[in-house]
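These numbers come from a predicted model, not from an experiment.
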Amino acid sequence: MKKIIDSHIHLDLYTGKETEEILEGMDSAGCTDLISVSFHLESCLHNLRLAEKYRRVHAAFGFHPEQELPADEDLQDLLSWMEKHQEQMVAIGEVGLPYYLRSEKGANFSIGGYIELLEQFIVKARQWDKPVILHAVYDDAPITCDLLEKHGVEKAHFHWFKGDSKTVRRMIANGWFISVTPDVVYEQEIQELVKAYPLDQMMVETDGPWRFEGPFSGKMTHPNMIHKAIDGIASIKKYRLEEVYETLYKNTADFYQLKLV
């Protein structure tokens with residue numbers, strides 16, 4: 001079994017039984033490590049407990065943008081807690097901008113506060129020398145790129161990215177990474193992104209417990225689905241499968257500075 005790392009999963013959002021199933025199935029899936037990202041402070045606390053209990057789980061702390069902005073006091077509590085737990089996190093994440101929430105709420109939805117919040121997290125990423133894991137798609141991606149360039153961020157990971165070709169070229173030029181989900185086997189938009197993006201700036205993820213369609217329909221999202229994603233990437237890029245496995249694994253381990261056993 002070829003080795004994989006799930007570079008973006010919400011392990012804290014699974015039930016206890018599902019979490020056990022994932023962790024117990026990692027060896028059979030060839031999955032050595034998981035990067036578990038957070039939604040808010042409670043989520044950070046949960047992910048920290050998981051990372052302390054399981055050496056294969058690596059926690060990222062942040063505030064997911066697809067929700068109401070935190071109250072000032074709650075944000076300060078989160079940032080203070082993150083500062084105290086810098087050594088326990090491999091990255092700041094998941095952070096970004098609320099594309100889907102804005103689409104749902106309509107034209108009167110103000111994004112200004114979300115941009116300010118994202119910039120605070122980007123500043124902290126620079127200050128604490130941590131990678132930043134980004135939820136930034138379509139129209140939100142260029143705004144995010146502006147902030148990353150403004151603060152000179154080199155280690156940025158755009159998870160499940162979707163956007164225009166101009167932004168893709170900009171991300172490639174800055175050396176930023178994307179991660180590819182299992183939907184690469186059936187979504188043309190993702191297939192086109194994989195075709196354009198360099199393999200040496202790519203990782204793979206599940207974004208579990210988000211569910212997928214196609215051959216994954218009706219199944220709990222599990223890191224073992226990544227193997228089909230890698231098959232798809234190899235086919236699209238016309239690279240040897242072994243080379244794709246090795247490159248994606250090394251990319252992720254190096255990006256997150258994982259101490260692999």
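Looking at W210 and L13, their side chains never come closer than 4.5 Å, going by heavy atoms from C-beta outward. Using a 4.5 Å heavy-atom cutoff, the side chains of P142 and R170 are in contact. Taking 4.5 Å as the limit, every side-chain heavy atom of F61 sits out of range of all side-chain heavy atoms of L41. Considering only heavy atoms from C-beta on, V168 comes within 4.5 Å of F161 through its side chain. Side-chain atoms of K124 and M82, non-hydrogen and from C-beta on, never get closer than 4.5 Å to each other. A 4.5 Å side-chain heavy-atom check between F158 and F177 finds every atom pair outside the cut-off. You'll find the side chain of Y114 reaches within 4.5 Å of the side chain of F109, heavy atoms only. No side-chain heavy atom of L97 sits under 4.5 Å from any side-chain heavy atom of H135.
S235 contributes atom OG, which lies 13.5 Å from atom CD1 of I230 (distance to the nearest 0.5 angstrom). We find the NE2-CE distance between H227 and M225 to be 12.0 Å, quoted to the nearest 0.5 Å. In this structure, CD1 on I178 lies 10.0 Å from OG on S7, to the nearest 0.5 angstrom. A distance of 6.0 Å separates CG of L199 from OH of Y239, quoted to the nearest 0.5 Å. Between I226 atom CD1 and K2 atom NZ the span is 15.5 Å, to the nearest 0.5 Å. Taken to the nearest 0.5 Å, the CD1 atom of I122 stands 14.0 Å off from the CD atom of Q127.
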Q) Hey, mind stepping through V37 and H8 against side chain to side chain contact (heavy atoms under 4.5 Å, CB included) and telling me if it holds? A) CA-CA 7 Å; V37 298; H8 190 101; 3.5 Å; yes
request  = Using the side-chain hydrogen bond (donor to acceptor under 3.5 Å, both in side chains) rule, take S179 and H157 through it: C-alpha gap first, then chi angles, then the decisive distance, then the call.
outcome  = CA-CA 7 Å; S179 51; H157 170 188; 2.7 Å; yes
Derivation and outcome, ring-ring contact (aromatic ring centres under 6.0 Å, His included), residues H64 and H40 | CA-CA 7 Å; H64 197 292; H40 39 53; 9.7 Å; no
| Given T181 and D207, is the side-chain hydrogen bond (donor to acceptor under 3.5 Å, both in side chains) satisfied, shown in steps? | CA-CA 7 Å; T181 53; D207 199 26; over 6 Å; no
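When all heavy atoms of L248 and M202 are compared, the closest pair comes out as CD2-O, 3.4 Å. The minimum heavy-atom distance between I22 and M220, with the atom names listed, is CG1-CE, 3.9 Å. Across every non-hydrogen atom of G62 and L78, the tightest pair is O-CD2, 4.0 Å. The minimum heavy-atom distance linking A141 with A136 is given by the pair CB-O, 3.8 Å. Between P65 and V95, the closest heavy-atom pair is CD-C, 4.1 Å. The minimum heavy-atom distance between E213 and Y186, with the atom names listed, is N-OH, 2.9 Å.
Taking the six-membered ring for Trp and the full ring otherwise, the centers of H58 and Y256 sit at least 6.0 Å from each other. Side-chain rings of Y138 and Y100 stay apart, their centers remaining 6.0 Å or farther from each other.
When D6, D33, D27 are each tested for a salt bridge (charged side-chain N to carboxylate O under 4.0 Å, His left out) with R56, only one passes: D27. For the side chain to side chain donor-acceptor pair (under 3.5 Å) with K250, the lone residue among T252, T247, D254 that qualifies is D254. Each of V137, L193, I190, L134 was scored for a side-chain contact (heavy atoms from CB on, under 4.5 Å) with W160, with one residue passing: I190.
Residues S80 and D77 have side chains that never bring a donor and an acceptor to within less than 3.5 angstrom of each other. A donor-acceptor pair shorter than 3.5 Å cannot be found between the side chains of H222 and E21. Between the side chains of H151 and E119, at least one donor N or O sits under 3.5 Å from an acceptor N or O. When only modelled atom types and interatomic distance are considered, Y14 and T221 share no side-chain donor-acceptor pair under 3.5 Å. In this structure, a donor-acceptor pair under 3.5 Å is present between the side chains of E149 and N174.
Between the Q201 side chain and the A173 main chain, no donor and acceptor come within less than 3.5 Å of each other. T167 contributes no side-chain N or O that, together with a main-chain N or O of G163, makes up a donor-acceptor pair within less than 3.5 Å. The main-chain N or O of Q86 is found under 3.5 Å from a side-chain atom of K130 such that the two form a donor-acceptor pair. With hydrogens and angles ignored, the 3.5 Å screen pairs no side-chain donor or acceptor of T206 with any backbone N or O of P223. Put simply, the side chain of Q191 gets close to the backbone of V184: a donor and an acceptor are under 3.5 Å apart. Side chain of D140 to main chain of Y99: a donor-acceptor pair is present (N/O by atom type, distance under 3.5 Å, no hydrogens or angles). Here the side chain of Q257 pairs no donor or acceptor atom with the backbone of V90 at under 3.5 angstrom. A donor-acceptor pair is defined here as one N or O able to donate and one able to accept, closer than 3.5 Å; such a pair exists between the side chain of E66 and the backbone of L101.
A salt bridge links E192 to K195: at least one charged side-chain nitrogen sits closer than 4.0 Å to a carboxylate oxygen.
Other residues, nucleotides and ligands place no more than 12 heavy atoms under 6.0 Å from the CD atom of E73. Atom CD of E68 sits in a sparse spot, with 12 or fewer heavy atoms from other residues, nucleotides or ligands closer than 6.0 Å. When the shell of 6.0 Å around CD of E243 is examined, it contains more than 12 heavy atoms from other residues, nucleotides or ligands. For K162, the NZ atom counts as densely surrounded, since its 6.0 Å shell holds more than 12 non-hydrogen atoms of other residues, nucleotides or ligands.
Put simply, L75 and L45 are part of the same group of oily side chains (I, L, V, M, F, W, Y) that touch within less than 4.5 Å, one to the next. Taken together through direct or relayed side-chain contacts under 4.5 Å among Ile, Leu, Val, Met, Phe, Trp and Tyr, L11 and M203 form parts of separate hydrophobic clusters. Linking Ile, Leu, Val, Met, Phe, Trp and Tyr whenever their side-chain heavy atoms come within less than 4.5 Å leaves I5 and L23 in two separate clusters. One hydrophobic cluster, built from ILVMFWY side chains closer than 4.5 Å, cannot hold both M89 and L50; they sit in different ones. If you chain together hydrophobic residues whose side chains sit under 4.5 Å apart, L258 and L48 never meet in one group.
Remark: K155 qualifies as a cation-pi partner of F255 under the 6.0 Å distance and 45° angle criteria applied to the six-membered ring.
The aromatic rings of H85 and W81 sit parallel, their planes meeting at an angle under 30°, below the 60° perpendicular limit.
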